[in-house]
Each structure stands twice: as structure tokens, then as C-alpha cells.
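This report refers to the structure that appears directly beneath it.
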Amino acid sequence: MRSNDGWIKTTCAYCGVGCGLEARTKLSGELEIRGDKSHPSNYGKLCTKGIALGDTVIHDGRLLAPTDNRAPEAIELSWDSATQIIADKFSQLIEKHGPDSVAFYVSGQLLTEDYYVANKLCKGFIGTANIDSNSRLCMASSVVGHRRAFGSDTVPICYEDIEEAELVILVGSNLAWCHPVLFQRLRSAKQNNPSKRVIVIDPRQTESCDIADQHLALKSGSDVALFNGLLSYIAGNDYIDEAFVSNTTNHAEQALDSAQQEEDVALVTGLSETQLQRFYHDFATTEKVVTIYSQGVNQSTTGSDKVNSIINGHLAQGKLGKVGTGPFSVTGQPNAMGGREVGALANTLASHMEFDNPEHLAIVKNFWRSENLALRPGLKAVDMFDAMAQGKIKAIWIMATNPMVSLPDSDKIRKALHTCEFVVVSDCIADTETTRMADIVLPAQGWSEKSGTVTNSERRISRQRRVLPSPGMAKPDWWIVSQVAQKMGFGHAFNYLHEGEIFREHAALSVEGNLNGERDFSLIGLTDLDDQDYNQLLPQQWPVTALQSQVVNQRLFSDQRFYTPNHKANFIAVRHSLPQSATSEAYPLLLNSGRTRDQWHTMSRTGLSARLAEHKSQPYVQIHPQTADQYGVRDGQLVEVRSTYGLCQVRAEVTRDVQPDHLFIPIHWNNITAKGAKPCELIAPSTDQVSGQPEFKHTPVNLQPCQYQSTALFTSRHVINFDDCDYWARQKIEHGYLYHIESKRSVSELALELKQRLIYQHGRVFSMESGAGGIRYHYMTVKNDKVFQGLYVQPSMTEDDIEWMVNNFNQEISEAMAGIDNHVHSTVKRLSSKTMS
């Protein structure tokens with residue numbers, strides 16, 4: 001939808017809030033972004049990442065053509081050749097080893113139409129359910145919790161309920177940084193209603209605590225004990241909604257009995273009895289309670305039980321299906337929910353149908369007209385890469401994700417991809433750790449070029465629209481998959497002309513066997529969309545019984561009917577158990593991982609924005625002052641964090657936001673953006689036994705400071721390989737990149753080494769060496785009378801040094817020289833200008 005003044009309505013590329021945007025191209029070619037005031041997710045609000053989206057659509061590092069990397073020198077391919085190679089190789093391996101010898105690993109960054117076609121090819125026509133999504137790392141435990149409690153993967157709540165609630169509980173969710181616009185809505189609602197309360201349950205003191213009335217800094221992994229204590233309190237103080245529980249739920253007695261066997265909740269959680277009693281009383285005596293939970297709950301070896309312990313408390317008091325109350329899983333990716341809808345998890349079928357239901361299998365088989373439908377669940381993400389490392393999976397197609405960075409135990413993932421006979425990667429970025437492992441790399445469209453739909457955390461479907469042309473030969477993921485499917489002999493089922501046709505098919509499948517609301521997911525109101533309707537589609541919250549021409553806010557389960565066989569919700573009996581990994585004398589500290597405010601996943605998009613890089617320019621670890629003193633670590637010093645699986649070097653940020661003996665490292669930096677700074681090198685591949693979701697929040701590690709002798713700052717227009725240095729981290733700045741470098745070498749040795757990286761052919765080089773023994777070195781290459789590269793080497797750097805280097809980059813040489821003089825006038829002994837050959 002394009003307005004008369006050129007604004008196109010679309011959606012954000014980042015978290016599961018699903019904010020509406022408006023974008024248009026300036027005369028300069030830059031993309032201008034503003035919030036869509038009519039979109040019900042954000043009503044015009046945006047976070048820092050959303051505001052900076054226009055910075056990230058530059059062509060730096062873009063993958064522009066299909067490439068065959070199997071020869072010593074990569075060969076550029078036509079689309080016809082690339083898709084034929086893939087089709088032939090997959091077909092050969094399937095014929096020789098069976099359909100389970102191939103797999104797809106997909107992403108919440110895909111649009112629903114992409115997801116749908118990939119799932120259809122894999123499960124419907126290849127005949128294997130070995131397709132899983134990186135959403136396995138994000139919300140798989142929530143899917144299990146929902147299905148066990150409700151009989152379906154149903155999020156019952158609306159964003160509006162956050163504002164209507166009297167009490168909002170954040171569990172394992174730094175909403176302020178990970179879902180900022182929802183946090184803005186919560187903060188505004190609290191400002192407008194002084195009686196509204198917020199409780200944050202998190203081992204860390206996060207920015208979300210800024211509006212909290214109570215912060216419960218519980219021990220890592222003790223959530224089940226905490227919420228079992230809540231259920232016991234509700235029962236022991238006659239707060240149970242007896243009518244709701246007796247008429248609407250199953251297994252309440254078993255769940256209550258299990259909860260009452262939970263001993264020493266205060267000891268297990270590390271909270272005082274006063275804190276516990278206040279929390280329990282507030283929950284039990286407040287009518288409208290919303291419990292928002294995220295990765296601190298899901299990413300655990302007991303994540304599914306944590307989810308059900310939360311839901312049990314809401315069921316005990318009938319606190320769901322009503323305005324302002326309910327359990328609320330907020331998703332981490334823009335279309336994690338869309339992937340759940342189409343069935344792009346290995347253990348689900350399609351359209352919220354299940355493998356263990358013969359009727360569902362028949363529905364999907366008949367609808368797709370498939371003779372080879374997969375009949376059983378496939379391998380979940382961690383198991384899939386285990387099978388690859390064992391040689392059982394011979395080919396994999398990875399789409400829009402970077403498992404070399406995001407999956408635990410990076411060495412095993414590397415081994416798996418080395419072992420795998422044929423690796424295909426579709427991405428918009430040419431150089432990622434995963435594309436480096438690929439045999440065939442395919443250029444997919446990125447955000448601003450794609451067209452399709454996404455579904456946010458409140459089940460609201462929005463159009464993501466094309467704003468810019470695709471660079472090079474980039475194509476939609478659904479088109480790429482369809483081309484391969486056609487060449488594999490399935491052309492009759494994959495002859496789509498555009499994404500609107502795929503969406504109509506997706507909507508039609510949601511209606512099959514579902515005319516009377518047998519399943520929660522239904523798009524019956526969208527099955528008759530013509531192309532114009534699809535192009536102009538307004539946000540729709542499912543179930544969509546009729547095309548929604550204005551904003552609706554639907555709560556599911558308001559009729560107290562669930563999707564279990566007897567239509568009653570299930571209490572699930574759960575007990576606290578310790579995480580699979582435990583600290584030891586060798587690894588006495590606990591590492592937690594997560595997101596930082598202005599970066600996203602593996603930084604392939606946000607890493608292109610200079611203003612986003614300003615918030616946290618290098619990988620870092622949060623350390624409590626007591627722990628820092630114990631290990632001899634200074635604030636700002638590089639440290640090495642080790643586990644039994646690997647090591648990671650990051651910059652120390654000494655803060656009381658973490659507890660003693662606890663560390664926190666953001667997930668974003670990796671071997672493309674820094675050396676040895678990837679936290680997944682440390683993470684054990686331990687998973688929840690039911691959901692298959694890995695444990696990212698509880699890793700035993702140790703810590704030691706790095707003993708480096710020299711530091712350098714290097715500015716450049718282009719990406720440079722500094723892997724022979726002991727440490728480097730890359731920061732995007734205007735017109736180029738700034739490299740932060742540290743070394744065991746002396747200052748003079750490091751200066752001599754890095755000086756060789758300067759590109760001399762661009763004209764003059766200005767050189768300055770100062771101090772006794774040459775403790776400072778500064779070099780600038782000049783092109784067209786502007787600084788083209790800069791190098792500054794000394795024993796250590798300050799924030800002023802960094803700001804100075806960034807400001808000097810791309811400046812007129814006269815201004816840059818003045819900047820040098822002003823910055824180091826107290827130590828400059830000699831300043832010279834000369835031409836180097």
C-alpha cells in the first residue's frame with residue numbers, strides 16, 4: 001500500500017512485536033523510516049533498531065549471485081544451473097539413502113509464504129519431517145506448554161491486555177531491550193494508572209526493572225519451584241476459582257499435589273519468605289494479571305515445565321480468556337508465529353495439525369495431493385545436526401539463519417557441516433560463518449525487498465511489502481524453493497506466480513476439517529482474497545472468521561472451551577529439577593546469555609548501522625564487582641571466558657546488574673565481527689527433553705583476564721581480515737569500519753605489523769610517532785585530500801581516543817592533522833608528513 005506521498009506500509013524486520021512501519025526512498029536513494037500510527041502493534045512507536053532500519057539496506061556484503069563453492073575457486077552460476085544442481089543432488093541422495101537423509105533448517109526471518117512452500121516440499125513431497133526452524137531456539141518450550149495445557153499451540157492474549165492488566169509480571173524477559181515497543185506501551189500504561197503494578201522475575205537487574213514495583217532476583221533455573229509455590233499458596237489460602245477449575249480443567253489435583261511437595265522454595269529460589277509472600281499475595285488477590293515470559297523461561301532444560309508452572313497459576317484462578325489477564329509468551333523473531341502456523345517445526349504437521357492425529361494426516365495429504373507425506377515427526381535442530389555429524393543426514397538446506405553462530409557447541413556444528421555431503425545456504429549476506437561452510441550459496445531477498453506476510457506475538461498477521469528493488473540476482477525464498485521443487489518433478493504443486501497465491505493456499509488449508517472451529521488456527525475469512533485484496537491487506541488477528549476492515553482484539557478461551565478431546569484445559573504436574581549443567585571447582589561461575597539493546601541475532605543487518613554500533617561497540621561480559629576483584633579483572637579489560645566446550649574473549653563490564661559469581665554475555669558477536677567472541681562456543685548442547693530447546697541461560701564457566709600489551713584503532717572503508725591479531729572487533733562507522741585491536745606484542749611491534757595493512761596507492765601517507773621508545777604511533781592514508789584510512793597504536797585506549805579516530809575518518813586532511821595536534825599536543829615530540837612508497 002503506497003500513499004500519495006510515497007510512503008509504503010510494511011513491518012519491522014526484528015522482534016516478535018511486529019511493529020508497523022512506513023518507508024519511502026529519499027532523492028538521495030536512502031530509505032526513510034517512520035512508525036505506522038495506524039498499526040495496532042505499535043501505533044507509530046518504534047525502537048532504536050526499527051528507527052535505524054534505513055541504515056541497514058546498504059549493499060555492503062550483499063550476496064548477489066548463486067555461487068558454487070565446491071571448486072578451489074568459487075564459480076558464479078545462473079539460477080537455472082544452481083537450482084538444477086540442488087534438485088539433482090537432493091534427488092540422488094533421496095533415491096540412495098531415503099528421504100530422511102536430507103533436511104531443511106529454516107528461520108523466523110522467513111515470511112509465511114516462504115515457510116509454507118519449504119514445509120510443503122519437505123513434508124509433503126520429499127516425504128521427511130526433517131525440517132526445523134531456528135525458532136526451536138526461541139519458543140519451542142512455549143509450544144509444548146501450550147499444547148499440553150490447551151490442546152493447541154494457542155497464545156490466548158492481546159497486546160491490549162498488557163495495558164488493561166492491574167498486575168504485569170515479567171518472567172525471564174528483559175522487555176525493555178528485547179521487545180522495546182511493548183515495554184513502551186507498558187510504561188505508558190503504568191504512568192497513566194498509578195495503581196498498576198509491575199513485577200520483574202530475573203536473576204539480573206535489567207532495564208525492565210526501571211518500572212518494577214518488585215524485582216525477584218531468583219536463582220538461575222528455579223522458576224518451577226517459584227510457581228509451584230504460587231499454586232500451593234493459591235490453594236492453601238482458598239484463592240482457587242473452584243467453579244472454573246471443576247468445570248473447565250483436568251488434572252488439577254495431580255498438579256496441586258506435585259506443587260505441595262515442593263520443599264524449601266525460599267532456599268531453592270534464593271528469595272526471602274517476605275519476597276515470596278508479597279509476590280504470591282499480589283498474584284492471588286489481583287483480578288487482572290498478565291504474565292509475560294520469554295527466553296529466560298523457554299531456553300532451559302526444563303523450559304516446558306517452567307511454561308506449564310506459569311500456566312497452572314492462571315488456570316487455578318481462571319485468569320485467562322478475559323480482558324487484562326492471561327499467560328503471554330512473547331516471541332523473539334518477526335515471524336516465529338508464522339512458522340508455527342505453517343508447521344515449520346519438525347514435530348508439527350501444518351496449519352496447527354499434528355502427526356499423531358490420523359485425521360490430520362489425511363487432511364494434509366488430500367489437500368496437497370501428496371503421495372509421499374511424512375507420517376512421523378522429524379529431527380529437532382540439535383538432534384538434526386547430531387545426525388549430520390554422524391553421517392546420517394547427507395544434505396541440508398539452510399535458509400535465512402546462521403547456525404554456526406546461533407546453535408550451541410559450535411565445534412560440533414562445524415563438524416556436522418564438514419561431514420555433510422551437500423550443504424546449501426540461502427542468505428542475503430555473502431560472508432557469514434555458515435555461508436563459509438556451504439557448497440552452494442543462493443542470494444535471497446532481504447528485508448525491504450521481500451513481499452509477504454508475518455504474524456506477531458498476539459497472532460496478528462501483517463503484510464511485509466517490497467520497498468526497494470533486489471540487488472543483483474536476489475530472489476524470494478519461496479521462488480527459489482519452488483524452482484528446485486519443479487526440477488525434482490513436483491511442478492504441479494509448486495507453480496506459484498506470486499506470494500499472494502501461496503497465502504491463499506495457506507489460508508485454505510487452515511479451513512480444511514475446521515469449519516466448526518475444531519482447531520484454533522483458521523483464516524476462513526481470507527480464503528477468497530483476490531490479488532488486490534492481498535496487496536492492500538490490513539492487519540488481521542486470527543482466527544479470522546471474516547475479513548477485518550478495522551482493528552480487532554480477540555482473546556481465545558473466553559468461552560472456556562479448549563482444544564483437548566474433552567474441551568477442558570489441562571493442569572500439568574511439574575516439579576523443580578536442577579539444570580543439567582552444574583558449576584564445579586574448575587568452572588565455578590554461571591554464564592547467562594541474551595540480547596543487547598541495539599543489536600540483533602548475528603548482526604548481519606544491525607551490524608551495518610553506525611548509530612546502532614554506538615551503544616555497545618564491542619562484545620562484552622557483565623561481571624559483578626566482587627567477582628571482578630576475586631579474578632583480578634578491571635572494568636574495560638579484555639577477559640577470557642571458558643567452558644568445557646570452548647572459550648570466548650570479551651570486554652569486562654563491571655556492574656551490580658548481575659549477581660556475584662554470575663556472568664552475562666550478549667549473543668550477537670561472532671567470528672565475522674570479532675575474534676573469538678562467540679558465546680555459543682561455550683554453550684553445552686543440553687536440551688529440554690520434550691521441546692528440544694537448548695539451555696542458553698545456565699553454563700558453568702571460568703574467567704581470567706587477558707594480558708595484552710598494546711592496543712590499536714584502525715579505520716577503513718572496507719572490511720579487513722585481522723585474524724592474525726590476538727583480538728579484534730569490528731564496528732560500523734559512517735563511510736566505513738573501525739577495528740578495535742589488542743595484542744601481546746609491544747606497541748612498536750604492533751604498529752609495524754599493522755602499518756603494512758595501509759593501502760599506500762591512494763596517495764600520501766601521514767605519519768606521527770611520539771613518546772619515549774615510540775609509545776604512540778599514528779598513520780593516515782589520504783585520497784582526494786580526505787582521510788582514507790587511519791591507524792593509531794598505543795598501550796591502551798580511552799573513549800576519547802575512539803571518538804577522535806571516528807571523527808577524523810573521512811575528514812579533510814587539514815582538519816584531521818589539526819585533530820591530531822589537539823588530541824596529543826601534550827605528548828607529541830615530532831610530527832612529520834611524508835610520502836611512502
Residues two or more places apart in sequence or in another chain: which of them pass side chain to side chain contact (heavy atoms under 4.5 Å, CB included) with P666? T596, Y620, F664, H668, W669
Should the pair F279 and F283 be assigned to parallel (<30°), tilted (30 to 60°) or perpendicular (>60°) ring geometry? perpendicular
How about R197 and T286: does a side-chain donor come under 3.5 Å of a side-chain acceptor? yes
Taking ring pair (Phe, Tyr, Trp, His ring centres under 6.0 Å) as the cut-off, I'd like each qualifying pair that reaches into residues 195-224, sequence neighbours left out, listed once. none
Heavy-atom closest pair, residues Q693 and N298: CD-O, 3.3 Å
Does R561 have any salt bridge (Lys or Arg N to Asp or Glu O under 4.0 Å) partners at least two apart in sequence or in another chain, and if so, which? none
For the atom pair CD (E585) and OH (Y587), what is the distance rounded to the nearest 0.5 Å? 12.0 Å
Could you pull out all residues at least two apart from F385 that satisfy ring pair (Phe, Tyr, Trp, His ring centres under 6.0 Å)? Y105
Any idea which heavy atoms bring Y159 and E458 closest together, and the distance? N-OE1, 2.8 Å
Evaluate the criterion side-chain contact (heavy atoms from CB on, under 4.5 Å) for residue pair V289 and E166; output intermediate values, then yes/no. CA-CA 6 Å; V289 180; E166 298 163 336; over 6 Å; no
For residues S691 and R136, report the shortest heavy-atom separation together with the two atoms involved. O-NH1, 2.7 Å
Could you walk me through whether E341 and R459 satisfy the salt bridge (Lys or Arg N to Asp or Glu O under 4.0 Å) test, starting with their C-alpha distance in whole Å, then the side-chain angles of each, then the deciding distance to 0.1 Å, before giving a yes or no? CA-CA 10 Å; E341 293 161 12; R459 313 182 318 278; over 6 Å; no
Does the side chain of L361 come within less than 4.5 Å of R376's, by heavy atoms? no
Name all pairs fulfilling the side chain to side chain donor-acceptor pair (under 3.5 Å) condition that reach into residues 216-232, sequence neighbours left out, sorted by first residue then second. S220-H698, D223-K306, N228-E262
Which atom names give the shortest non-hydrogen contact between L349 and H360, and what distance separates them? CD2-O, 3.8 Å
Can you name the salt bridge (Lys or Arg N to Asp or Glu O under 4.0 Å) partners of D383, sequence neighbours left out? none
Taking ring pair (Phe, Tyr, Trp, His ring centres under 6.0 Å) as the test, write out the residues that go with F521, two or more places apart. H352, H506, W542
Residue pairs passing the salt bridge (Lys or Arg N to Asp or Glu O under 4.0 Å) test where at least one lies in residues 321-331, sequence neighbours excluded: none
Can you list the steps and then say if R340 with T331 is a side-chain hydrogen bond (donor to acceptor under 3.5 Å, both in side chains)? CA-CA 11 Å; R340 288 151 77 170; T331 54; 5.6 Å; no
Please report the C-alpha distance between S329 and S142 in whole Å, then the side-chain angles of each, then the deciding distance to 0.1 Å, and finally whether the side-chain hydrogen bond (donor to acceptor under 3.5 Å, both in side chains) criterion is met. CA-CA 7 Å; S329 161; S142 285; 3.2 Å; yes
Would R148 and D305 count as a salt bridge (Lys or Arg N to Asp or Glu O under 4.0 Å) if you check the C-alpha gap in whole Å, the side-chain angles of each, and the deciding distance to 0.1 Å? CA-CA 10 Å; R148 294 198 300 197; D305 286 352; 3.0 Å; yes
Taking atom CG of N335 and atom OG of S133, what is their separation to the nearest 0.5 Å? 9.0 Å
If you define the side chain from C-beta out and look only at heavy atoms, does anything of F557 sit under 4.5 Å from Y563? yes
Take L589 and T583 through the test side-chain contact (heavy atoms from CB on, under 4.5 Å) and record every step on the way to the result. CA-CA 6 Å; L589 306 176; T583 55; over 6 Å; no
Pairing residues for R187 by the salt bridge (Lys or Arg N to Asp or Glu O under 4.0 Å) criterion, not counting sequence neighbours: none
Taking only residues two or more places apart in sequence, or in another chain, which ones meet F696 in a ring pair (Phe, Tyr, Trp, His ring centres under 6.0 Å)? none
What residues form a ring pair (Phe, Tyr, Trp, His ring centres under 6.0 Å) with Y645, not counting sequence neighbours? none
Candidate pair E160 and R555, rule salt bridge (Lys or Arg N to Asp or Glu O under 4.0 Å), full reasoning: CA-CA 10 Å; E160 183 184 60; R555 291 156 192 88; 2.6 Å; yes
Using side chain to side chain contact (heavy atoms under 4.5 Å, CB included) as the criterion, list what pairs up with A569, not counting sequence neighbours. T249, L315, F562
